[in-house]
Amino acid sequence: MALKRVLAGATMALAVLAAGPVAAQKKISVLTWNIPVYEEKIKGWIADFKQIRPDITVEWIDKKGPELGPFYQTQSAAGTPPDIVNVQGALWLEYAANGALLDLGPYLAKEREVAGRFDPNFMKVWQFEGKQYLLPFYITKTLLFYNKEMFKEAGLSDPPKTFDEILSHAAKMTKGEKSGFLTANFDWLYWPLFAMNGVQLVTPDLKKAAFNTPAALDTLTKLAKATDSGAINKIAWTGRWVEPNGAFAAGTVGMLHIHAPAFFYVRGSGKWVNQDTLGVAAVPGGWSTPNSHALFISKASKEPDAAWEFLKLITSKKWAVTFGTTLNNLTGNIEADKEIMAHFKANDPLAARVLEVQMSNLDKITGNWPLARDSQVKEAFYTEIQNAVLGRKTPKEALDTAERNVNRVLSR
Amino acid sequence: MRRWINRYSITFGLIGLAVLGWNLYVAAHRDGLLTGRVAAADGSAIAGATVKVRERTMVSSEPRAEAKTDAQGRFRVEGLDYHHLLVEVEAQGFKPLPRQSVRLWFRGQNRALEAPLTMERAG
Amino acid sequence: MGRHPTWPIHLALVAVSFVMLVPFYWVLKTSVTGENIFSYPPSVVPRDVNLFYYVDVWYYIPFVRFLFNSVAVSAIAVVSNVVFNALAAYALTRRFPGRKWVILLFLSCMMIPFQATIIPAYLITQKLGLLNTHLGLALPLCSTIVCIFVYKASFEAVPRSLIDAARIDGVPDWQIIFRIMLPLSKPAIATNVILSFIWSWNSFLWPLIVTRDKAMQTLPLGLSTFLSYLENTTGALYAFCVMVLVPGIVLFLLAQREFIQGLTSGATKG
Amino acid sequence: MFQLIRTKRHRELALVALFLVPSLAIFTLYRIVPLFWNLGLSFTEWSPFKPAKFAGLYHYEEMLFYDDVFWTALWNTVVFMASAPIAIALALAVAMLVNGDIRGRNVYRAIVFLSYPLMTVAVGIIWRWLFDGKVGLINYVLRGLGLTEKGISFLDSFEWAMASVVVAAIWQVIGFFMIILLTGLQSIPRNLHEAAAIDGAGAWQRFRRVTLPLLRPSIFLCLVIGIINSFTSFDLIYVMTGGGPANATELLITYVYRAGFVKNQFDYAAALTVALFVFFLGLTWIANRASGGDAGAVETGE
């Protein structure tokens with residue numbers, strides 16, 4: 001009798017089985033990176049696009065960071081990649097190196113007005129082997145947040161000017177549960193700590209590792225010592241996003257080296273955060289790693305021209321301003337960014353300060369080498385750095401192993 | 001007949017009834033109506049105050065409606081198809097009222113705010 | 001057994017129950033208070049209780065649609081499991097050349113973790129045109145090797161005389177399975193139903209890859225909406241957990257007697 | 001006559017084959033073909049965007065000599081599977097308790113089993129917070145008892161991370177193991193116990209000489225489910241620690257996912273899958289050999 005009931009239930013379920021996707025007429029699909037909250041405005045995109053190309057239906061898909069990569073990989077393997085994709089950091093490099101992305105050069109050449117919209121410093125970030133593959137969607141790069149109260153308690157006033165000052169400031173603020181310094185560690189966000197000591201990751205021709213130098217050894221030894229003494233909170237090297245931001249929001253960490261979107265998370269869950277308690281500054285030497293979001297068109301797209309129209313619409317001044325003011329980010333669209341800065345100066349001075357620091361030192365952008373195997377180099381390098389700072393290997397041993405592994409990836 | 005009365009049919013029957021009853025209640029009370037009164041600390045009505053209603057979504061909030069209070073300080077807003085509202089009040093000579101959160105059981109539930117929104121006089 | 005005092009047993013069992021129930025209480029408490037996970041010390045008694053996080057979950061994700069998808073996928077998986085495993089197990093009790101190789105094949109398949117074969121499995125589903133459908137979601141889970149051998153063990157326990165008598169009366173093979181064999185191995189069915197339901201109800205990575213639009217997603221995928229780092233959604237996250245746990249628990253409490261009785265009325269003999 | 005027997009024999013063979021077709025088809029499609037696909041892939045350099053290029057043993061060389069995360073993951077997988085016997089022992093203890101004729105035993109049995117029908121992802125979230133370094137309940141209790149003054153952040157420490165994930169996995173599977181073992185216990189005929197008692201065998205001898213041998217099939221079934229569970233605990237680790245801190249809870253299965261999808265290396269992930277398959281195949285062969293060939297419910301003999 002149990003069997004009969006189960007069978008009855010299942011046949012009902014089978015009957016109501018949704019049929020496979022019916023062959024829709026012309027269609028383009030847009031894949032965005034974890035902005036479900038922006039749904040209303042995205043409906044605005046689609047409505048505006050209806051006027052330009054009524055024959056095209058637009059499918060919007062949103063995936064979280066860790067799920068977007070797998071989703072795009074499997075869809076590409078099946079030959080049905082989404083037409084327009086929003087990616088973060090250097091994920092696009094592998095796709096470009098493997099020829100999965102449409103070269104936007106010809107489109108930009110044809111429409112100078114569109115090419116002129118964007119800040120050249122940021123456009124450079126998305127070029128590979130001389131071709132422009134992406135347009136900026138919203139731009140972020142790393143900077144230094146600091147807890148002014150903890151600074152006062154430790155008798156400090158202005159942010160550190162040199163690498164050693166970062167560590168000495170951090171040491172002064174470390175006691176009990178409190179620690180002095182935290183950095184994000186994914187997508188090369190920690191690299192400015194090495195760049196300010198004159199360390200180069202690879203040779204200019206991107207063929208060989210160039211970081212195994214006395215300067216790098218000195219930096220790594222100091223970082224390891226500071227982590228061991230507790231001045232650098234261990235979460236800096238093991239956490240990803242929620243952990244470092246959570247710790248800084250809890251008010252127990254002196255300085256946080258991360259990219260700008262963290263500000264809105266920290267303010268959201270950190271009751272202590274306001275204009276006089278949260279300091280914002282550039283890292284010593286003004287170095288910063290971009291972790292911007294950009295948009296590309298898949299080469300396997302069946303409607304490249306329609307996709308380009310949609311891309312132009314998203315990055316237009318009107319929608320760029322809407323995006324910037326709604327999700328509190330700058331967009332790389334020069335005109336729009338001016339308006340967004342004005343908006344924040346009027347309504348949210350602290351956010352304006354964050355965005356201002358972010359727009360400074362655009363010539364000191366680092367940590368974004370056009371490496372065809374960026375994620376493998378990143379893994380090979382960071383795994384060893386992590387071993388060193390957590391005291392599981394000596395800095396020398398870690399750097400030698402890292403050099404061996406990175407060279408193996410680069411020579412492939 | 002007895003064979004069909006067992007734990008399964010009773011449980012799922014009750015669930016079905018509860019759902020039906022709930023939907024009936026919802027259908028009867030869903031004009032998105034919000035009414036209330038704005039008063040000063042001493043209880044006297046504040047006329048002409050602007051009441052702004054925002055919808056609180058998972059991550060942010062969007063302005064949705066506005067209304068003015070009448071002579072008796074009462075306001076009435078309709079067509080609010082949301083389940084979490086934020087109410088702000090501004091009036092001449094009074095400190096602006098910080099956002100009050102109004103939680104509803106379903107979208108568009110009619111709600112009359114019992115306690116008057118009391119505002120302090122500007123300094 | 002009465003001679004021994006029973007209070008030590010009760011004490012031990014109460015301790016075990018406490019360890020098992022505390023996490024449930026913790027989830028329930030947080031789903032009604034939505035405590036910020038950074039507040040310390042965690043209050044044991046819930047403060048300012050409100051049920052509105054459940055309302056939030058209802059509107060932030062299409063809960064009924066996700067529940068329906070999960071139930072449909074699990075139903076297909078459970079039914080096909082019971083039928084296919086019984087057929088395969090019955091075949092394995094018969095003598096035929098190459099029987100040993102088929103068993104070895106099944107055993108080695110058990111060693112291939114499904115998560116490791118995602119890309120080829122996805123390509124195959126795509127060629128079958130089953131992407132984004134309930135059948136596509138359920139197909140890889142439609143047969144479980146452990147259950148085939150559980151059936152085989154209980155089929156072999158059925159007295160041969162019964163089968164021979166049926167065969168002499170000219171009863172066709174498939175009727176032998178469904179009329180004689182299966183009714184006698186209720187425990188195998190119960191184990192099979194539990195395992196296939198839980199493994200299909202819980203699957204997270206496969207639906208993540210196969211479903212393309214939100215309307216086809218299953219319950220576990222709804223979870224990722226609440227793991228957003230933009231805002232502190234702890235209350236909604238735990239309310240979602242409670243809403244996801246309840247169907248499984250209600251089903252178990254309702255069918256508990258069948259599950260346990262089915263399992264105990266004839267153990268999986270060697 | 002001969003004609004009749006041959007057709008009857010053929011008809012039966014055809015029927016047997018027909019019965020095997022559905023299950024075999026599913027396993028071929030979703031296990032065997034993908035395995036060989038991975039085997040082929042592991043010798044090439046492949047990406048979803050362009051045709052593959054032969055790469056010989058490059059991936060295996062990288063796995064064995066250059067990639068120490070592989071060895072950490074292998075070791076972690078062995079450690080995680082070693083938790084299955086612990087879970088079985090605990091489940092057996094609870095099953096023995098519940099098996100006694102005491103009042104309310106059905107309630108106890110239901111409570112312990114409640115954890116199994118849960119969604120692994122939900123279990124992961126619950127335990128991720130219970131183990132939280134600052135606000136978790138476990139730390140709250142430890143501080144209450146004065147065992148530590150500063151909370152231990154379990155999921156961030158190298159010593160405790162794996163242990164915490166194992167505790168969560170055991171918490172989820174103990175209910176189901178208890179049920180299987182309970183069925184084994186209740187199928188042991190009463191008279192065997194009485195006979196042993198009459199011979200003056202104490203509780204411990206009775207357990208070792210009567211209960212344990214007869215429970216072997218149930219225990220082996222739990223072991224098999226335990227090993228398979230170490231595959232499905234992908235979700236638990238994905239939600240609880242994401243393989244962190246620094247690969248301390250990286251299992252082979254989560255490392256395959258990370259290599260394929262996070263590091264964009266499907267060819268390397270394919271090589272890892274082959275290694276995973278060979279490792280488990282070897283393990284089963286040893287387990288089969290160790291348990292004297294008749295592997296309990298999973299028989300291969302005639």
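In the text below, chain A, chain B and the rest are named by the order of the sequence lines, each starting its count at 1. Only this structure's heavy atoms are used, side chains among them; waters, hydrogens and symmetry mates stay out.
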If you define the side chain from C-beta out and look only at heavy atoms, does anything of [X] sit under 4.5 Å from [Y]?
X	Y	answer
C/Trp58	B/Arg107	no
B/Tyr82	C/Tyr59	no
C/Val55	B/Phe106	no

| said: Would B/His84 and C/Asp56 count as a side-chain hydrogen bond (donor to acceptor under 3.5 Å, both in side chains) here? Give the steps. | reply: CA-CA 8 Å; B/His84 187 180; C/Asp56 285 344; 4.9 Å; no
| remark: What one should report as the nearest heavy-atom pair of C/Tyr60 and B/Arg56 is OH-O, 4.4 Å
| Atom pair CH2 (B/Trp105) and OH (C/Tyr54), whose distance is rounded to the nearest 0.5 Å | 11.0 Å
